[in-house]
Every structure is written in C-alpha cells, then in structure tokens.
Amino acid sequence: MHEFYPLLCVGGIIGLISIVFLIAYFSIKDKREAIGFDRNMKDSEIVRRLLHYAKPHIGSFVIVLVLMLFSVAYDIISPLIVGNIEDMIKDDFELSRLYSTVAVYAGILIVSLVCSFIQAIILQKTGQRIISALREDLFVHIEGLSHSQLNNIPVGKLVTRVTNDTYAVSMMFTNILVNLIKNCFVIIGVLCAMLMLNYELTLMVLCFVPFIVLFTVIFRKFTRKAYRKVKDATTDINTFLSENLSGMKIIQIFNREERKKSEFDEKNNLLGKSKRQQIFVFGVFRPLVYMLYISSVLCLLYLGGRGYIKDTVFLGQTIGSGTVVTFYMYISKFFNPIQSLAEQFNWLQSAFASAEKIFTVMDIKPEVVDAPDAVELDHVDGDIEFRDVWFQYVPGEWVLRGVSFHVKPGETVAFVGSTGSGKTTILSLICRNYDIQKGQILIDGHDIRTIKISSLRRHFGQMLQDVFLFSDTIRGNLLLRSEGISDDEVMAACRYVNADSFIDKLAGGLDEPVHERGANFSAGQRQLLSFARTILHKPSVMILDEATANIDTETEQLIQDSLEKMMNIGTMLIVAHRLSTVQNADNIIVLSHGEIAEQGNHASLLAKRGKYYRLYQLQSARGGGGGDAPAGGVKG
C-alpha cells in the first residue's frame, strides 16, 4: 500500500485546493444578483445573433475546418512517431529506417504549418468582413435613433460600442472560435490515441479531468464578472474623455483642470483596478492547470518507471520506454490545449461581453420610424399646418398645448417668445425629429407620419444656431458628398449668401481645410457656410433657429442680407430673439408657455400693444429692436 502514498499525497493536495475554490465559488454565487454578476443576455442568444453575421461565410469556415484537421492530425501522430523512434533505437536499430521515420515526421510538420498559414489568412479575411458588416449595421442603427434617444446616450459610449467592442468580437471570429474547436478535437484525439496505446496510463490521466472541469467552471464565473467590470470601466472613461475633451475650453476658462484631473484619476484607477482583478483571476487559473499537468507527468513517470523496471503488465499491456515517451508528449498535448482553452475562454468572455453591449444598442427601438404604408414626396410646395398639436419631452410636462397655425407656400413665418415657450420644439416637430402625442402636422395636406422620414427631411433645409462643420474642406462641408454639383454652382451659392466675402480671401479657397467642428472659422463665417450648404441642396422649406445669435455687427449685416434673399426661395420658418431679424416676416407667431399668445405681421402686432409690443419696446430700449414703436407707451 505504501507504494501508492505519493499518488495519494498528490490527490490530497489537489482535493484541498478544490475545496477552497468551491467555497469561494458558492460564496460569490449567492451574491450574484446584488452585484450584477451575470450578463442580462444569454450566451445562446448572443451566439445565435453572431451566427447571423457568420452564415454568409459558412464556406470559408468549412475550408478552415478541413485545414484544421491536418494540424490536429500532426498533434496526434507526432508523439507516436517519436515513441516509435525510441523503440527503434532500443531494439534493432537501422539508420535507413530512422531517416524514413524522420522524413515522415518532417513531411507531416510541413503540411501542418502550410495548412495553419492558409487557415490564418482565410480567418483574418473572413473575420474582418463579418466585423465590417456588424460595425456598419451598428452605425446605421445609431443613425436611425431619434434626437431624444441620442440625447440620452453618451457619445463616448456609442464610440466604444463601434470601436472597442467590435474589435473584441473580431478576435472571436479570427482566432478564438477556430482554436477552441481545434483544441477540443486535439483533446478528444489525444485521449483516443492514449486509450489505444495504454489503458492504465490513460486512466491515470483521466483522474485529473474532473478537477480540470471543476476549475474551468469556477474560472468561468469569476472571469465573466471581471470582464464585465473592465468593459463598464472602459466605457466610463471613454465617455468622460469624449465629453471633457470637447469641453476643454470651458474647463480652462473656469480653471477646473485639477478638478477634472481628479475625476479622471478616479475613473482611470477604477479601470486599472478592474484590469488587475481580471489578471488576478487568470493568474490563478492558469497555474492551477499547469499544476495538474505537472502532477500528471509525475504520476506518469512514477507509474511508467515502476512498470518499465518491473516489467509490469496491466490489462494485458506492458509499459515500455517508448510508451512512456509517447505518453509524456501526449500529456503535454492534452494539457496545453486546456491551458489555451483557458486563455481563449478569457477572450471569449470578453467577446461575449462586448457583443452583448453591441446588441443592447441595436435592440433600442427607434422612436421615430416610417409607417408601413409611408409614401414618398417628390415635390413639396411648402404648405404647413399644425392642428391642435400637443407635445411633451417628459411625461406630464407639456411643452406645446393645443398649438394650431397655418403657413402658406412661400410665406415667411417667425416664432418669438421667451426661452422655453416652444419655438425650437415646433421646428423640430416639423422635420419629425420627435413624434407628437396629440394632434396633426400636415405638409401639403399630408400628415407627416404618413411620409417617409428620408423623403420628408430631403425637402427641408435647417440652419441652426450651433453650426456643425466636419473635419474636411469647405467644399466637402458644403456638398456633404453630394454628386453632380459643380464648383461654379458652389461658388454661386456662396455669393448668394455672401460667404464669398471670406472664402475668396482664403489661400485654399473651397479646398481650405476645416478643423474639427470648424474651430478655424468665426461663428458668423460658420453660419454663412451653413446658409450656402442649405441653398445648394435646394430645399422647399428653410428653417432658421437663432441664426443671428452671438454674431458680430458686421457679419450680422451680411446675414441679414442673406436672409432677405433666401426669403424669396420658398417657405421660411424663423426662430429669433432679435426682433430686427423677423420684422419683414409675413406672419409672426408669439408663443407663451407652449401656447400661441398672438400672431400677425410686425405692424399689426405692435398696434395690438400685447406681448410682442412689450418685447419690442424692451429690445428697442436696449438697442436691439431695430426701430421705434408707435407712440403711446407700454400698457400694463
């Protein structure tokens, strides 16, 4: 019995370690709901949705699997060849036989390497095509979200989904899945070969399998939690960077660099802590598997050595030196895939965590969508009507209350009122950036909810207070990649809105680079470029939202001249605080607390001496009204 004491000691140590990890496993498992331990989406659901993208490339994966069989064959056959060489040297040695055996070994190795190379090339190409399709679908889905939904999702989070998370998923298609399958085939093939070679030693190796399975199950739970923390921390830091780098000027103006540095350090340290936890989990698991490997090798040498020395026969099989050498290589090829499986499982958890976050974004249903029977509008005259429109951003807080008005084709209508009265909201609703809760909005007699969104917006030109310019050239920002527009047409539009006054002075002209968000141009110049961009796309209805806000006096004169010209193009809707901008409008609608207080042209509203009159008197007193009000003072 004492001959088996070494084996019992090894089993006792492994059993003790297993008990410790089981206690840790169950203590964590009991708290999983409290700490958000598991993902919300099942692995089977993630796999099903990922397979949707892999299905068009099934032929490439079949080729890869065929090539993989050659690599698996090498892993299974090579130990038998080496063990045969050992027996060959021990028995009747023939040099020619050795040469032929080595040649066979080399041939199998070369075929395996060539197949592995071709397999890697195919996988990389196929994986990148799959991820490109996934990334494109994600971006298109984000484009389809409403303004309200985009306002509720941090930009940094969306950037992380499209970049970092898709990269993690790409690793699964280009590396992880195939290697997982290959390692499973190697393990099964090696076990079959060992069973055919020697039952006794194979049963000894199989004694370690339950512990491998146990450690893998425990590791799976811990690594899932660790990877989720890393993903969440990465998203937080990307969101923080996206917001604060965009607002760096404000941070510097208010001298908040130290404060923001402290906030960044907190998020950076949280990410570092999450990374360390992830490394710790993996750093515990892999040595455990290696310990099992070393233990099995020691048991092999112990049993094999005793069997070889004493010429032991077990189940009708004798343990020879060639058998010991072959089993030593087989044990290595048995445990190496298991250790690789741990690493690949690590990446697989990362890929699944990333895929879940990607699909979570893709599962957000757009709030503003086309009706099943939505129609295309080839032409729009510009007849706009609001019928008892009610709208709220937040349930229970109405921004518009029963608003009704009618805009005739070619008219210029202005909306004025205090901040929060609903002016900008009306313009957003006309373009269907949001959907109303009650009432109807009609364009040329059609309810806008029955018109395709792309068709509807194609006939609108929006010029906002905060003009957005892309990192491109002036030409690229004006055309927005539209085709069939010549430089002569571009410059004609620029001259029409007075943008040529500064474009002609630039060294590059239309090819002048535009920095991020148009930082190398003044607010007035950006606004004139916005006007030119709108004119180029020939809208039927033009929308101006605070287009003259924060503009210097000289540029304002250019903009006012541009506005007067654009009023002759088609229907124009204007929101402005400066009443001098809207005096020439055909109809001025005064809003108060989401309702229409009064409407009419400039002269008639002044004659009423109501809200518009008081607002005009106030701006005239400050030098912003652009004219004198009729005598008679302000009514209380």
Side-chain angles (χ1 to χ4, degrees), residues 20-47 49-50 134 138 152-172 175-176 180 215-244 260-289 341-364:
V20 172
F21 277 95
L22 279 172
I23 293 172
Y25 170 79
F26 285 111
S27 63
I28 292 293
K29 188 175 181 181
D30 292 338
K31 301 177 182 179
R32 73 185 198 178
E33 292 184 1
I35 62 177
F37 196 76
D38 286 333
R39 290 195 300 266
N40 298 319
M41 192 176 293
K42 293 181 179 180
D43 288 353
S44 57
E45 174 67 11
I46 295 173
V47 170
R49 298 181 68 168
L50 289 174
L134 176 61
L138 178 59
N152 291 328
I153 306 175
V155 175
K157 180 177 287 188
L158 295 177
V159 171
T160 302
R161 299 296 167 264
V162 179
T163 55
N164 296 45
D165 290 328
T166 53
Y167 171 76
V169 175
S170 73
M171 289 294 296
M172 182 177 69
N175 187 5
I176 301 169
L180 276 172
F215 292 159
T216 301
V217 170
I218 295 174
F219 171 73
R220 180 176 181 269
K221 290 293 182 182
F222 280 96
T223 193
R224 173 176 285 193
K225 175 187 175 185
Y227 263 109
R228 188 166 190 169
K229 284 187 174 181
V230 169
K231 292 297 178 185
D232 290 342
T234 302
T235 299
D236 287 344
I237 203 168
N238 284 346
T239 302
F240 179 87
L241 286 171
S242 176
E243 179 180 355
N244 286 273
K260 291 299 179 181
K261 177 181 177 298
S262 299
E263 292 179 14
F264 179 78
D265 285 344
E266 181 180 347
K267 294 182 181 297
N268 194 31
N269 290 334
L270 181 61
L271 177 59
K273 181 180 178 181
S274 301
K275 286 280 189 181
R276 289 192 296 271
Q277 289 179 353
Q278 171 192 327
I279 293 170
F280 174 77
V281 171
F282 188 73
V284 170
F285 176 76
R286 186 147 193 173
L288 283 175
V289 177
L341 282 174
E343 186 173 352
Q344 288 150 10
F345 188 79
N346 213 7
W347 280 102
L348 188 64
Q349 288 300 311
S350 173
F352 275 14
S354 295
E356 180 189 30
K357 292 181 181 297
I358 291 171
F359 291 135
T360 298
V361 173
M362 295 180 73
D363 286 341
I364 299 175

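From Asn152, atom CG reaches atom NZ of Lys157 across 10.5 Å, with rounding to the nearest 0.5 Å. Atoms CD1 and CG, from Ile358 and Asp363 in turn, are 12.0 Å apart once rounded to the nearest 0.5 Å. Rounded to the nearest 0.5 Å, atoms CG (Leu270) and CG (Asp236) are 7.0 Å apart. Taken to the nearest 0.5 Å, the CZ atom of Phe359 stands 11.0 Å off from the CG atom of Asp165. Asp43 contributes atom CG, which lies 9.0 Å from atom CD of Glu356 (distance to the nearest 0.5 angstrom). Separating the NZ atom in Lys267 from the OG1 atom in Thr239 is a distance of 8.0 Å, to the nearest 0.5 Å.
The side-chain heavy atoms of Met171 and Tyr167, taken from C-beta on, include a pair separated by under 4.5 Å. When side chains are defined from C-beta on, Thr163 does not count as touching Asn238, because their heavy atoms never get closer than 4.5 Å. Residues Met362 and Leu138 are in side-chain contact: their nearest non-hydrogen atoms beyond the backbone lie under 4.5 Å apart. The shortest side-chain heavy-atom distance between Val169 and Leu50 falls under the 4.5 Å cut-off. Residues Asn268 and Lys261 are not in side-chain contact: their nearest non-hydrogen atoms beyond the backbone lie 4.5 Å or more apart.
The minimum heavy-atom distance linking Ile176 with Leu348 is given by the pair CD1-N, 3.8 Å. Across all non-hydrogen atoms, the minimal contact from Ala351 to Met172 is CB-CB, 3.8 Å. Of all the heavy atoms in Val361 and Arg161, the pair that sits closest is CG2-CG, 3.8 Å. Scanning all heavy atoms of the two residues, the minimum distance from Val281 to Ala226 falls at CG2-CB, 4.5 Å. Shortest non-hydrogen contact noted between Leu271 and Val230 is CD1-O, 3.9 Å.
At least one donor-acceptor pair under 3.5 Å links the side chain of Asn244 to the backbone N or O of Phe240. Using modelled atom types, one side-chain atom of Thr166 and one backbone atom of Val162 make a donor-acceptor pair closer than 3.5 Å.
Counted within 6.0 Å of CD on Glu243, heavy atoms from surrounding residues, nucleotides or ligands total 12 or fewer; the atom is thus considered open. For Glu266, the CD atom counts as loosely surrounded, since its 6.0 Å shell holds 12 or fewer non-hydrogen atoms of other residues, nucleotides or ligands.
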